[in-house]
Amino acid sequence: MANHLKFIARTVMVQEGNVEGTYRTLNRILTMDGLTEDIKRRRYCENPCRRWQRESYETCRRISNMEMAHKINFLMQKNRTDPWQGC
Amino acid sequence: MQAARSAGSWLLRSWACARTNRYEAVIGTSARIIHTGAQELQDAAAKKEVEKVVAPSSSSFSTQIQVVSAANQPLARTSCGTEGFRNAKKGTGIAAQTAGIAAAVKAIGKGITHVRVVVKGLGPGRLSAIKGLTMGGLEVISITDNTPIPHNGCRPRKARRL
């Protein structure tokens with residue numbers, strides 16, 4: 001990063017001497033932006049074949065997780081019609 | 001920031017100088033920079049800084065710390081190897097912490113109080129080195145992550161077969 005300005009990107013300022021919390025914030029930002037797993041992935045070379053397999057696996061997993069969360073949210077609704085009405 | 005980036009190098013330099021001056025005005029002492037390099041194969045005799053992950057015979061990590069002034073003048077340099085740890089023990093958090101304390105002591109000897117930390121690489125000593133710096137008595141202002149991410153540059157080594 002010699003060509004870029006320093007201390008702008010990926011920087012967290014320390015508040016009131018709380019270095020631990022700052023470090024955790026930095027880690028959280030990096031993970032949320034997908035940088036940490038990118039670094040781990042770049043350690044070893046990844047075939048294009050393996051890479052497509054992994055991306056399709058991640059897409060399918062994301063779709064299935066979202067569908068499941070949608071279903072659970074629907075089932076946990078409170079205003080339901082009374083199933084045993086009239087008994 | 002956008003204007004500074006698009007304008008030119010002279011504007012960058014003046015903006016950077018203004019930034020340092022602001023720190024000096026607020027804090028009262030000059031801010032120094034520390035570069036923490038994790039995942040570097042360290043040889044205490046050769047003092048080469050090579051960014052490698054694993055040594056061919058044994059998997060070994062290490063942490064190196066270098067204290068640099070605001071004008072990129074090197075001031076102090078310690079590492080797990082210079083602290084007397086050998087081989088696999090260099091790749092531990094304790095070794096990184098002792099390296100941090102030693103670097104802090106050296107830096108305070110040269111008259112540095114406040115410090116900006118730049119972390120490079122993912123390794124076992126990433127947090128321990130910063131903790132060692134604070135334990136040694138330096139005040140950390142900000143933590144930057146400067147892990148080198150190639151935009152598809154060099155080809156990394158082949159995948160491990162587990």
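Small disclaimer: the values here were computed from a predicted structure and weren't measured. Hydrogens, waters and symmetry mates are skipped; everything else that's a heavy atom, side chains included, is used. In what follows, every chain begins at residue 1, and chains take the letters A, B, ... in the order their sequences are listed.
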- Take atom CD1 of B/I94 as the centre, draw a 6.0 Å sphere, and report whether it contains more than 12 heavy atoms from other residues, nucleotides or ligands. no
- State the OG1-CD1 distance between A/T22 and B/I141, to the nearest 0.5 angstrom. 12.0 Å
- Non-hydrogen atoms of A/Y44 and B/A159 that approach each other most closely: CB-CA, 3.9 Å
- With hydrophobic residues grouped by side-chain heavy-atom distances under 4.5 Å, do B/V105 and B/V67 end up in a single group? no
- Positive for side chain to side chain contact (heavy atoms under 4.5 Å, CB included) with B/D145, one of A/N27, A/L30, A/T36: A/L30
- Select one option (side chain, backbone, both, neither) describing which atoms of A/E20 are under 4.5 Å from chain B's heavy atoms. side chain
- Heavy-atom count around A/R41 CZ within 6.0 Å, excluding the residue itself: above 12? yes
- Item | CA sep, side-chain torsions, deciding dist, call: B/I143, A/R10, side chain to side chain contact (heavy atoms under 4.5 Å, CB included) | CA-CA 8 Å; B/I143 308 180; A/R10 303 184 243 165; over 6 Å; no
- Message: Go through it in stages, so that I can follow the logic: the residues are A/R43 and B/L122, the test is side chain to side chain contact (heavy atoms under 4.5 Å, CB included), and I'd like the CA-CA distance, side-chain angles, deciding distance and then a yes or no.
- Response: CA-CA 11 Å; A/R43 209 164 294 180; B/L122 284 176; 4.0 Å; yes
- Query: Would you say B/M135 and B/I130 are hydrophobically clustered, going by side-chain heavy atoms of ILVMFWY under 4.5 Å?
  - Reply: no
- Message: Working note: B/K158 + A/C45, criterion side chain to side chain contact (heavy atoms under 4.5 Å, CB included); need CA distance, chi angles, decisive distance, verdict.
- Response: CA-CA 5 Å; B/K158 67 179 184 186; A/C45 190; 5.6 Å; no
- Item | Region of B/L127 in contact with chain A, defined by heavy-atom distances below 4.5 Å | both
- How would you list, in number order, the residues of residues 58-75 of chain A that have a heavy atom less than 4.5 Å from chain B? none
- Message: With a 4.5 Å cut-off on side-chain heavy-atom distances among I, L, V, M, F, W and Y, is there a chain of contacts connecting B/V119 to A/V14?
- Response: yes
- Assess whether side chain to side chain contact (heavy atoms under 4.5 Å, CB included) is satisfied between B/R126 and A/Y23, documenting all intermediate values. CA-CA 10 Å; B/R126 205 162 123 118; A/Y23 180 74; 3.1 Å; yes
- Contacting region of A/N47 [heavy-atom separation from chain B under 4.5 Å]: neither
- Task: Locate the shortest heavy-atom distance separating A/I39 from B/T147; write the atom from each residue and the value.
- Result: CD1-CG2, 3.7 Å
- Message: Can you confirm whether A/R54 is buried at CZ, in the sense that more than 12 heavy atoms of other residues, nucleotides or ligands lie under 6.0 Å from that atom?
- Response: yes
- Note on the structure: When every non-hydrogen atom of B/T144 is compared with those of A/A9, the smallest separation belongs to CG2-O, 3.5 Å
